[in-house]
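Atoms within each ligand, like the ligands themselves, are counted from 1 in listed order.
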Amino acid sequence: MNDALMPTYARSPYAFARGEGVYLYDTDGRRYLDFAAGIAVNILGHSHPHLVQARTAQAQKLWHVSNLYRVPEAERLAERLTEHSFADRVFFCNSGAEAVEGLIKLARRYQHHAGHPERNRIITCQGAFHGRTLTTLSAAGNPKYLEGYGPATDGFDQVAFNNLNELRAAVSGRTAAILVEPVQGEGGVRAASLDYLRGLRAVCDEFGLLLLFDEVQCGVGRSGKFFAHEWAGIAPDAVAVAKGLGGGFPVGAFMATEKAAAPMTAGSHGSTFGGNPLAMAVGNAVLDVILADGFLEGVDRRARAFWNRLEDLAARHPKVIAEVRGAGLLLGLRCVVPNGELVARLRENGLLTAPAAENVIRIMPPLIIEDSHIDEAIGILDRVCGAWVKAA
Ligand SMILES: *Cc1c(COP(=O)(O)O)cnc(C)c1O
């Protein structure tokens with residue numbers, strides 16, 4: 001392939017030349033239905049005219065000034081994010097891992113300022129993914145990703161996902177916060193039960209802990225609500241977002257209630273690139289579309305229709321697909337066959353998906369899909385699953 005790139009990814013040999021809406025075109029002009037969406041990033045598909053226009057207009061005016069100055073585009077995006085969520089304060093960064101690091105720092109500092117410096121440990125879940133910095137890897141605790149990078153960052157206690165009893169038992173006088181993905185993406189598209197999410201809120205209230213949600217993958221409309229945790233009818237103390245927020249432009253953020261964010265004073269945190277005018281213009285353009293009347297309701301409607309079609313498909317091909325999982329348009333098929341092979345065959349047949357843990361393939365289309373795209377995806381899945389069984 002290319003020796004100049006560090007070979008940290010097992011890349012498929014495909015290279016794409018352009019994208020339009022829900023489709024990608026490779027360098028030979030072949031078309032692919034993109035239901036991987038850059039790993040849940042391209043929520044408005046490719047080359048969305050409104051995003052292209054917003055980015056181009058800003059690119060001709062101003063790219064970067066640093067946070068030495070006010071950035072009106074950032075102020076506007078922060079205001080809109082707080083208007084449409086539990087949060088009162090937003091910090092902008094450039095990636096998901098940075099956003100989750102921000103949550104961790106916020107939780108420790110909150111307890112420190114509340115007179116509990118000893119409360120500096122965070123409870124996290126097995127199967128989690130929080131990013132690739134040393135601390136976010138330590139938070140998720142996946143031994144495969146930490147191998148050779150020790151010592152890990154101290155301060156995390158891991159419990160089973162979706163198990164409230166085990167979580168309660170792990171709370172101690174040293175606990176500062178609980179950090180959970182409402183829907184585990186990389187971990188195999190595992191959705192937390194709504195009762196579990198409500199239980200987490202109750203535990204945090206009982207013990208004075210902060211409830212932190214990593215919505216880097218499941219947030220920004222993917223679940224059919226702006227945040228996935230909204231389905232549980234509860235409010236966290238702080239949330240991390242990234243992936244979808246820039247629709248393909250790198251933007252991350254963590255946001256918190258006024259109370260949780262109170263110790264985040266001048267000089268307490270920073271990012272050179274965070275909240276730059278270019279990224280903020282794109283983020284605002286993404287919200288123009290996502291927050292428009294009826295958009296999220298449409299996502300929810302299509303997601304439910306897609307789920308039913310996938311259940312149908314799984315029932316027709318029990319030798320290939322064991323189970324449908326997920327929430328909204330973050331869907332997973334747990335496979336009977338090796339997931340990586342199924343992803344490759346779907347790709348050969350013009351449908352892009354991505355693997356996840358627990359032998360799952362992840363289906364995370366742009367939120368702008370129409371019913372016809374669902375038909376097309378089901379058609380390809382049906383054909384590939386059918387051919388698999390015949391060949392076996
Ligand atoms: C992708 C992801 C991250 C890390 O985001 P990066 O932008 O790759 O740093 C963190 N948490 C979750 C849940 C993710 O899906």
Side-chain angles (χ1 to χ4, degrees), residues 6 8-9 11 36-43 91-107 122 124-142 144-146 149 153 156 158 161-162 177-192 197 200 211-223 227-229 236 238-255 271 273-275 279 282-283 286 325-332 353-358 360-365 367:
M6 275 195 205
T8 55
Y9 291 99
R11 298 171 195 272
I39 314 186
V41 166
N42 303 97
I43 57 175
F91 181 94
F92 289 112
C93 52
N94 314 284
S95 68
E98 258 186 290
V100 179
E101 286 252 359
L103 290 185
I104 294 165
K105 287 182 72 175
L106 174 127
I122 297 179
T124 58
C125 286
Q126 286 152 11
F129 182 78
H130 297 302
R132 295 285 200 145
T133 63
L134 268 175
T135 297
T136 54
L137 283 177
S138 305
N142 183 335
K144 190 176 91 189
Y145 291 158
L146 275 164
Y149 294 116
T153 309
F156 300 97
Q158 283 219 311
F161 183 59
N162 247 338
I178 296 169
L179 169 62
V180 170
E181 293 158 89
V183 185
Q184 288 191 342
E186 311 289 321
V189 194
R190 299 198 295 168
L197 296 179
L200 294 179
L211 180 56
L212 315 173
F213 284 140
D214 178 348
E215 295 224 16
V216 168
Q217 190 154 161
C218 62
V220 197
R222 186 152 290 279
S223 73
F227 284 124
H229 69 254
V239 163
V241 291
K243 292 197 166 89
L245 185 60
F249 197 89
V251 193
F254 66 95
M255 34 211 283
S271 163
F273 293 126
V282 178
V286 168
R325 309 173 152 189
L329 286 177
L330 180 50
L331 293 161
T353 59
E358 300 197 339
V360 165
I361 71 167
R362 242 182 314 172
I363 302 175
M364 43 201 161
L367 307 185

> Of the backbone atoms (N, CA, C, O) and the side-chain heavy atoms from C-beta on, which set of His130 has a member under 4.0 Å from an atom of ligand 1: side chain, backbone, both, or neither?
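It is the backbone that touches ligand 1; the side chain stays farther off.
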> So, regarding Asp214 and ligand 1 (criterion: nitrogen or oxygen to nitrogen or oxygen, under 3.5 Å), is there a contact or not?
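So ligand 1 has an N or O lying under 3.5 Å from an N or O of Asp214.
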> Which ligand 1 atoms does Gly96 reach within 4.0 Å, using its non-hydrogen atoms?
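Heavy-atom distances to Gly96 below 4.0 Å select 4 (C), 5 (O), 6 (P), 7 (O), 9 (O).
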> Which heavy atom of Asn42 sits nearest a heavy atom of Gly248, and at what distance?
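Heavy-atom minimum between the residues: ND2-CA, 4.0 Å.
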> Short list, please: which atoms of ligand 1 are under 4.0 Å from a heavy atom of Gly131?
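Result: 4 (C), 10 (C).
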> Tell me which part of Lys243 gets within contact of ligand 1: side chain, backbone, both or neither, using heavy atoms under 4.0 Å.
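Only the side chain of Lys243 comes within reach of ligand 1.
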> Only heavy atoms of Glu181, strictly under 4.0 Å: list the atoms of ligand 1 that pass.
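So the atoms of ligand 1 that pass are 13 (C).
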> Show the atoms of ligand 1 that are less than 4.0 angstrom away from any heavy atom in Ser95.
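Counting from 1, the qualifying ligand atoms are 7 (O), 9 (O).
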> Ring-plane angle category for Phe213 and His229, please: parallel below 30°, perpendicular beyond 60°, tilted otherwise.
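Rings of Phe213 and His229: parallel, under 30°.
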> Are any of the N/O atoms in Glu186 less than 3.5 Å from those in ligand 1?
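Such a contact does not occur with ligand 1.
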> Quick one: do Arg362 and Glu186 make a salt bridge, cutoff under 4.0 Å?
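Looking at Glu186 together with Arg362, the answer is yes, because their closest N to O distance falls below 4.0 Å.
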> Looking at every heavy atom in both Ile122 and Ala107, which two are closest together, and how far apart are they?
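Closest pair (atom of Ile122, atom of Ala107, distance): CD1-CB, 4.2 Å.
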> Any N/O of Val216 closer than 3.5 Å to an N/O of ligand 1?
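The answer is no, given that Val216 and ligand 1 share no N or O pair closer than 3.5 Å.
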> Where do Arg132 and Ala97 come nearest, in terms of heavy atoms and distance?
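Distance-wise, the nearest heavy atoms are N-CB, 4.0 Å.
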> What is the minimum heavy-atom distance between Cys125 and Val180, and which atoms define it?
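That would be SG-CG2, 3.9 Å.
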> May I ask you to check whether Phe129 has an N/O atom sitting below 3.5 Å from an N/O atom of ligand 1?
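Indeed, backbone or side chain, Phe129 has an N or O that close.
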> Any side-chain heavy-atom pair from Phe156 and Thr135 closer than 4.5 angstrom?
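Sidechains of Thr135 and Phe156: in contact.
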> Does the protein put a heavy atom less than 4.0 Å from atom 8 (O) of ligand 1?
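Protein heavy atoms within 4.0 Å of atom 8 (O) of ligand 1 - there are none.
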> What are the atoms of ligand 1, with element, lying closer than 4.0 Å to any heavy atom of Ala97?
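Near Ala97, the atoms of ligand 1 are 4 (C), 5 (O), 6 (P), 9 (O).
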> Under 3.5 Å, side chain of Arg222 to main-chain N/O of Phe227, donor-acceptor pair present?
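No.
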> Would one find an N or O of Ala242, backbone or side chain, under 3.5 Å from an N or O of ligand 1?
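Min N/O separation from ligand 1 is not below 3.5 Å for Ala242.
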> When you measure from the side chain of Gln158 to the backbone N and O of Ala140, does any donor-acceptor pair fall under 3.5 Å?
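Yes.
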